[in-house]
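Here's the structure we're looking at; comments come further down.
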Amino acid sequence: MAIKITAPLSREEARKLKSGDSVLISGVIYTARDAAHKRLCELADKGQELPLDIKDSIIYYVGPTPAKEGQAIGSAGPTTSYRMDAYSPTLIRLGETGMIGKGKRGPEVIAAMKEHGAVYFGAIGGCGALLSKCIKKAEVIAYDDLGAEAIRRLEVEDFPVVVVIDSEGNNLYEKGKADYLSSIK
Amino acid sequence: MREICASKITEVVRKLCIDANCYLPQDIKDRIIQCRKEESWGTAQEILDRIIENYEIADTVPQPICQDTGVACVFLEIGQDVHICGDLQEAVNEGVKQGYRDGYLRKSVVGDPLNRVNTGDNTPAMLYTEIVPGDSLKITVAPKGFGSENMSQIKMLRPSDGVEGVKAFVTKVVEEAGPNPCPPIVVGVGIGGTFDKAAYLAKKALMRSTDERNADPYYADLEQELLEKINALGIGPQGFGGKTTALCVNIEKFPTHIAGLPVAVNINCHVTRHKSEVL
């Protein structure tokens, strides 16, 4: 049974989610990937204001395809997360409570998640057509020049994810594989 | 000598870019369905169901199966009796530009690897040409996503490492990649040639149908053995555990130097796209 949550997500709510939980996200989330993360962290380093409300935010690592007439957004599945590892600890420290992507995270990100209370969600990679159906509205709010990599504000409804790494550092990539392998012994 | 107009090549490349990105090849769909039937792990079954649902939506709308519509890898097999009227490279790039614009595909190419400014039209294509006998021109477009491309590796093994060395390396590459390349994956392996030739073979291997085994029975057996080894790793769909880590292992080989045993592993995700047309 999936747990329904609303974004923005407080640190307290983030801490309640456990690795392996199926979660449906509704509310407002933001998109950012490599180039946008780099710019956000450059602003943060200079102590300047970010173009999104980072407190309690969930950031989705995605660069969608262009929307056709009548679509809110084009295909919009997750990109591989480790490329954001250099930037995520800064954003978590500033208030980010959730990240949506796919693939492994580095120890520096997991340490920041544990310290501040944040979760790492996995969406199904390669399912951009399916996931786009849960995105009801998309609007570029910064870095339009980056094209697919611009920061978008998304309104999502029952967006399906799984908690891969929780705020205690429990990791579904390790546990899922180990549980499966012990089940076939 | 047969003449083919560059504008015809543009038209075909444009269409292949759009079709390849929206319609998953039938052999890949069949493999996913078969793996779903053979999968015993609950989470893995659910993910494979979503993957099936996803390509069905892409087929129906139609829309890109995955938002990473890739760099356009374009393979041309040019008959030696064909004369192309016009600029071939320009014609291919124009086809990519039109296809990515008209098909609402993502523009994912930066014009310089270090200074990284998006070219805005997904050009240039990664263009590969081969001269073959005859008077026809075969055009294949294979959009290549980089989640899986980034997990690819090459190694110059020693001849003494032998087939066991090859098996260990291929398995290690898949294990290290883990959840990153969106498993279930298709594994392209190039063995032999030179450093660059092995990588090219690995990429070509990804375009062979999953129904078709290597024509050499020794290598066909090796493909099967590697598939079993990879699917015993337990990574599973999306890395959440399960049997279905790879849909298929395809090997291409080539003669090599007495001192060498190059092995390249090029990984594709379950959205293994390629579409061809013969002119």
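All chains are named by letter (A, B, ...) in the order of the sequence lines, taking the proteins before the strands, and each is independently numbered beginning at 1.
Contacts between B:I51 and chain A at a heavy-atom distance below 4.5 Å involve backbone atoms as well as side-chain atoms. Only the side chain of B:T69 comes within less than 4.5 Å of a heavy atom of chain A; its backbone N, CA, C and O stay farther away. Contact annotation for A:P160: neither backbone nor side-chain heavy atoms come within less than 4.5 Å of a heavy atom of chain B. Only the backbone of B:A232 has a heavy atom closer than 4.5 Å to any heavy atom of chain A. The part of B:V61 that comes within reach of chain A is its side chain, from C-beta onward, which places non-hydrogen atoms under 4.5 angstrom from that chain. Neither the backbone nor the side chain of A:A35 comes within contact range of chain B; no heavy atoms are under 4.5 Å apart.
B:T123 places no side-chain N or O within donor-acceptor distance of the main-chain N or O of B:A125, the cut-off being under 3.5 Å. Using a distance-only test at 3.5 Å, with no hydrogens or angles considered, no donor-acceptor pair links the side chain of A:K137 to the main chain of A:I135.
In summary, the aromatic rings of A:Y61 and A:H37 are positioned with their centroids under 6.0 Å apart. Aromatic ring centroids of A:Y173 and B:F240 lie under 6.0 Å apart.
Nearest heavy atom pair, residue B:P183 against residue B:G178, reads CG-O, 3.7 Å.
Counting heavy-atom pairs closer than 4.5 Å to chain B, the top-ranked of the candidates A:G128, A:P66, A:G103, A:G176 is A:P66. Among A:L181, A:L131, A:I184, the residue making the largest number of heavy-atom pairs under 4.5 Å with chain B is A:L181. Highest contact tally toward chain A, considering only B:N21, B:D68, B:L233, is held by B:L233 [criterion: heavy-atom pairs under 4.5 Å].
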Test side-chain hydrogen bond (donor to acceptor under 3.5 Å, both in side chains) on A:K102 and A:T80 and set out the steps. CA-CA 5 Å; A:K102 52 121 177 157; A:T80 324; 2.8 Å; yes

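A salt bridge links A:D85 with A:R105: the distance from a Lys NZ or Arg NE/NH1/NH2 to an Asp or Glu carboxylate oxygen falls below 4.0 Å.
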